[in-house]
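Count residues from 1 along the sequence. Values in this document were obtained by computation on a predicted structure and should not be read as measured data.
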Amino acid sequence: MSLSRAGRNAPAPPARYVITDAVLVPEVGQFAPPARVGFQAHLVEREPDMMAIGGRLLADIGPDADVMAIDVAARGGDVMAIDVAVMDGDWRQEVRTAVVERLLAAMADTCGLAKPSPTWWVDFRVVDEGSWGSGGGVTSVLALLDTGVFTEEKARAVRAALGT
């Protein structure tokens, strides 16, 4: 599996939008393409000698490895680690679950697979309010709530979660 330039950009929608929208919709409460400008997706591929499962490099996995590692090796090292970092907000467990499930399903679809691989992992991190910076300063999710990107319901939920 590779998200080459061609794979990232065709067929529509491009992988970069699929990844962004998988997080964006649960975060703001609606499909909002104008909000994409504030999102980043970093697509990094690693060679089999740059990732390990069970303490063994994928390049070194042989027939004595555990079932998951053998499956990875048999499919050419189809491993993916997705690290999601979001501004503090309305991240109740059901919202986090929706993001993780949407990301995995979107990536499977983008890669032409019926379902996500068991060797794809998602880490979900919330960056505390006041700890997200860009453009030379601290960026607050509170400043974004009245931009029209967040639904009114989601803006209320974010304010409640942050105690404002």
Side-chain angles (χ1 to χ4, degrees), residues 1-46 50-51 71-72 75-164:
M1 193 275 310
S2 175
L3 292 176
S4 65
R5 181 172 301 281
R8 289 191 305 265
N9 294 310
R16 64 184 181 274
Y17 290 146
V18 171
I19 296 165
T20 297
D21 292 343
V23 179
L24 176 71
V25 172
E27 182 173 24
V28 302
Q30 64 183 345
F31 179 67
R36 287 176 175 159
V37 71
F39 282 73
Q40 295 180 26
H42 300 251
L43 307 176
V44 179
E45 293 186 63
R46 292 186 172 78
M50 298 299 292
M51 189 165 205
D71 185 49
V72 170
R75 290 184 291 116
D78 184 12
V79 174
M80 189 181 312
I82 302 170
D83 181 40
V84 178
V86 296
M87 294 174 119
D88 208 349
D90 177 33
W91 295 112
R92 295 166 283 134
Q93 185 57 55
E94 60 265 24
V95 179
R96 293 173 191 233
T97 297
V99 168
V100 170
E101 290 174 351
R102 288 172 57 91
L103 271 170
L104 290 169
M107 290 308 299
D109 188 55
T110 298
C111 295
L113 301 173
K115 63 181 184 174
S117 169
T119 57
W120 296 354
W121 294 277
V122 177
D123 296 325
F124 190 100
R125 297 181 293 124
V126 177
V127 178
D128 292 338
E129 176 64 17
S131 300
W132 189 282
S134 68
V138 174
T139 302
S140 171
V141 70
L142 297 172
L144 304 174
L145 296 179
D146 295 323
T147 61
V149 172
F150 287 80
T151 63
E152 288 183 30
E153 178 183 349
K154 188 53 99 166
R156 280 191 302 274
V158 169
R159 286 184 181 98
L162 297 179
T164 63

Are any of the side-chain heavy atoms of [X] and [Y] separated by less than 4.5 Å?
| X | Y | result |
| --- | --- | --- |
| Val149 | Leu144 | no |
| Phe150 | Val141 | yes |
| Ser140 | Glu129 | yes |
| Val126 | Arg96 | yes |
| Trp120 | Leu103 | no |

Which heavy atom in [X] sits nearest to a heavy atom in [Y], and how many Å separate them?
| X | Y | result |
| --- | --- | --- |
| Asp21 | Phe31 | OD2-CE1, 3.3 Å |
| Ala85 | Val127 | CB-CG2, 4.4 Å |
| Pro26 | Ala22 | CD-O, 3.3 Å |
| Ile82 | Met107 | CD1-CG, 3.9 Å |
| Trp132 | Val86 | CZ3-C, 3.7 Å |
| Gly89 | Val158 | CA-CG1, 3.9 Å |

Approximate separation, where rounding is to 0.5 Å, of Leu142 CG and Thr164 OG1: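 Separation between the atoms: 4.5 Å.
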Spacing of CG belonging to Asp146 relative to CD belonging to Glu152, to within rounding of 0.5 Å: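 So the gap between those two atoms works out to 9.5 Å.
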Residue Gln30 excluded, over 12 heavy atoms near CD under 6.0 Å: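 Check passes, neighbour count above 12.
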Exceeds 12 heavy-atom contacts within 6.0 angstrom, atom CD of Glu94: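 Counting other residues, nucleotides and ligands, CD of Glu94 exceeds 12 neighbours.
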Thr97 versus Gln93, side-chain donor and acceptor atoms under 3.5 Å: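 Indeed, the side chains of Gln93 and Thr97 share at least one donor-acceptor pair under 3.5 Å.
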Heavy-atom donor-acceptor pair, Lys154 side chain to Leu145 backbone, under 3.5 Å: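 Side chain of Lys154 to backbone of Leu145: no pair is present.
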Arg102 side chain vs Leu24 backbone, donor-acceptor pair below 3.5 Å: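 Pair absent, no side-chain N/O of Arg102 close to backbone of Leu24.
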